[in-house]
Amino acid sequence: MRIHWLPCRKRAPACKKFVMPSSVMLFCRSTKGPSFFNLIVVKMLKQGREEVRIMETQTMQTSPSTQIVNVGGFDIGGPNFTVIAGPCSIESQAQFMETASGVKAAGAHLLRGGIWKMRTSPTAFQGLGANSFDMVRTVCKELNMSLVSEVTDVRQIEEVYDIVECFQVGSRSMQNYELLKELGRQKKPVLLKRGLAAYIDEWIKASEYVTKMGNQNVILCERGIRTFETATRNTLDLNAVAYAKKNTHLPVIVDPSHAVGIRALVPDLAYAAAAVGADGIIVEVHPRPAEALSDGMQALTLNDFSVMMKKLDRILTAIDRPLHKAHKAEVYV
Ligand code: PEP
Ligand code: MN
């Protein structure tokens, strides 16, 4: 790494650790680092002794992705890749248990499963709501897994606080700022999906609604955007993943299921997500997709999921970004 020392008269931002009596502040521009001016270095000259301290900048524009968000015992945004899998909607205890145990056996780390669904048509299945709470309790307890699930309204946060480990904000709710602010007051992590026609900048600013209220545990999720193309459900914007990784401090994951909407293509996009540097994926799985009450077209079968996980493992090993080794049960028991 070559370093360019650029003298600068600006004050150090939020430097709480020490004062700089006779210090010289320098910007350090790394030729290898992920972003221009990604570090600020304070060089202190004390009685002939030179001390260099490195502080990460806090600004959205210049800091690389560094935040680690722990969900149910798994660090998202660290060296390992996280897989969240499960059905689009929780439909019954049997369906949720079958899916959850299948994805766990194939190596998923966390469960997904919709309790309340944001459907385009009001006549489409809206989710079991409160009727699924006991199913979630049973399945999560029996498998020792944690659930990521969407809240569509501020009132739901309290209702599911003890059964949902990470609150998902759906694409259609990305600009529900009151919901974001309320989630910002919570102690649990938030998975923020990108709006289906949102600029990257709007998505990042939406994340700031949460972080500004005090909750720093935000994971960005690219789930495909609307483009002129209609052959696939949406268009996975891999640019956005690379951009968000380099220009925010937050972990970024990909939802290949909603991005492409076609089962046979979901694994390929999951591999692309891994290669572009995403911190994980959230993927829809159903034991019998033809019977699914929502998003059956894009649901992987349990076998598809298992095949995908094996190839994903090989790709991640090749790029030195391995899957979390073991399930929580094995790690923490
Ligand atoms: C979902 O995760 O099932 C979902 C509705 O996703 P999105 O908000 O991205 O459409
Ligand atoms: Mn879905």
Side-chain angles (χ1 to χ4, degrees), residues 13-14 16 56-63 65-72 75-77 84 110 112-120 126-127 129-130 132-133 136 146-226 237 240-241 243-245 247-255 258 279-280 282:
K16 295 189 193 109
E56 285 164 13
T57 61
Q58 292 304 311
T59 73
M60 281 297 202
Q61 297 310 311
T62 54
S63 55
S65 183
T66 54
Q67 172 104 0
I68 291 177
V69 178
N70 189 281
V71 181
D75 280 346
I76 303 183
I84 308 167
L110 297 164
R112 63 150 290 144
I115 292 171
W116 292 283
K117 299 305 299 176
M118 290 289 258
R119 307 303 300 282
T120 303
Q126 302 288 306
S132 62
F133 293 175
V136 173
S146 301
L147 180 70
V148 178
S149 195
E150 178 170 358
V151 282
T152 61
D153 182 287
V154 288
R155 290 164 294 190
Q156 295 165 358
I157 299 171
E158 207 185 331
E159 281 190 75
V160 292
Y161 206 82
D162 66 325
I163 56 171
V164 169
E165 211 39 54
C166 173
F167 296 113
Q168 178 175 322
V169 175
S171 194
R172 290 156 191 82
S173 300
M174 190 206 83
Q175 283 172 313
N176 181 341
Y177 297 126
E178 291 310 314
L179 178 61
L180 298 178
K181 283 193 268 180
E182 194 52 38
L183 288 168
R185 296 185 189 101
Q186 310 304 317
K187 298 258 179 292
K188 290 196 170 181
V190 175
L191 190 153
L192 178 62
K193 291 228 187 168
R194 180 179 177 190
L196 46 97
Y199 291 121
I200 296 171
D201 182 55
E202 293 171 322
W203 182 36
I204 291 171
K205 288 199 168 73
S207 76
E208 291 172 355
Y209 271 92
V210 182
T211 54
K212 269 206 171 342
M213 298 306 291
N215 187 351
Q216 304 306 314
N217 293 314
V218 178
I219 303 156
L220 296 171
C221 177
E222 160 60 37
R223 47 78 72 202
I225 50 168
R226 203 167 262 181
D237 185 3
V241 181
Y243 186 93
K245 285 290 295 177
N247 293 281
T248 80
H249 64 291
L250 299 173
V252 184
I253 69 164
V254 164
D255 173 348
H258 293 85
D279 296 298
I282 178 167

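No side-chain heavy atom of E165 sits under 4.5 Å from any side-chain heavy atom of L110. Between Y243 and I204 there is a side-chain heavy-atom pair separated by less than 4.5 Å. Looking at V190 and L180, their side chains never come closer than 4.5 Å, going by heavy atoms from C-beta outward. In this structure the side chain of T120 reaches within 4.5 angstrom of the side chain of R172, judged on heavy atoms. Looking only at side-chain heavy atoms (C-beta outward), S149 and V160 stay at 4.5 Å or farther from each other. Inter-residue side-chain proximity for I76 and L191 is flagged as unmet; no heavy-atom pair is nearer than 4.5 Å. By the 4.5 Å heavy-atom criterion applied to side chains, I115 and Q156 are not counted as neighbours. Here the side chains of D279 and K245 are in contact, with some heavy-atom distance below 4.5 Å.
Side-chain N or O atoms of D75 include none that pairs as donor or acceptor with a backbone N or O of I68 at under 3.5 Å. Q216 places a side-chain N or O within 3.5 Å of a backbone atom of T211 that can act as its donor or acceptor partner. Between the T248 side chain and the A244 main chain, a donor and an acceptor come within less than 3.5 Å of each other. Side chain of W203 to main chain of M174: no donor-acceptor pair is present (N/O by atom type, distance under 3.5 Å, no hydrogens or angles). Between the side chain of E222 and the backbone N or O of D237 there is at least one donor-acceptor pair closer than 3.5 Å.
Remark: M118 CE to Q168 CD distance equals 11.0 Å, nearest 0.5 Å. The structure places OG of S171 at 9.0 Å from CG of D255, a figure rounded to the nearest 0.5 Å. E150 contributes atom CD, which lies 6.0 Å from atom NZ of K117 (distance to the nearest 0.5 angstrom). The distance from the CG atom of L183 to the SG atom of C166 is 9.5 Å, given to the nearest 0.5 Å. Put simply, CZ on R119 and OG1 on T152 are 13.0 Å apart, with the number rounded to the nearest 0.5 Å.
Enclosure of atom NZ in K188 by more than 12 non-hydrogen atoms of other residues, nucleotides or ligands within 6.0 angstrom is indicated. Heavy-atom neighbours of E158 CD from other residues, nucleotides or ligands within 6.0 Å: at or below the threshold of 12. Atom CZ of R226 has 12 or fewer heavy atoms from other residues, nucleotides or ligands within 6.0 Å. Counting heavy atoms of neighbouring residues, nucleotides and ligands inside a 6.0 Å radius, atom OH of Y161 exceeds 12 of them.
Ring-plane geometry between F133 and W116 is classed as perpendicular, the angle between the planes exceeding 60 degrees on a 0 to 90 degree scale with a lower cut at 30.
Look at K205 and E208 and you find no salt bridge, because none of the NZ, NE, NH1 or NH2 atoms lies under 4.0 Å from a carboxylate O.
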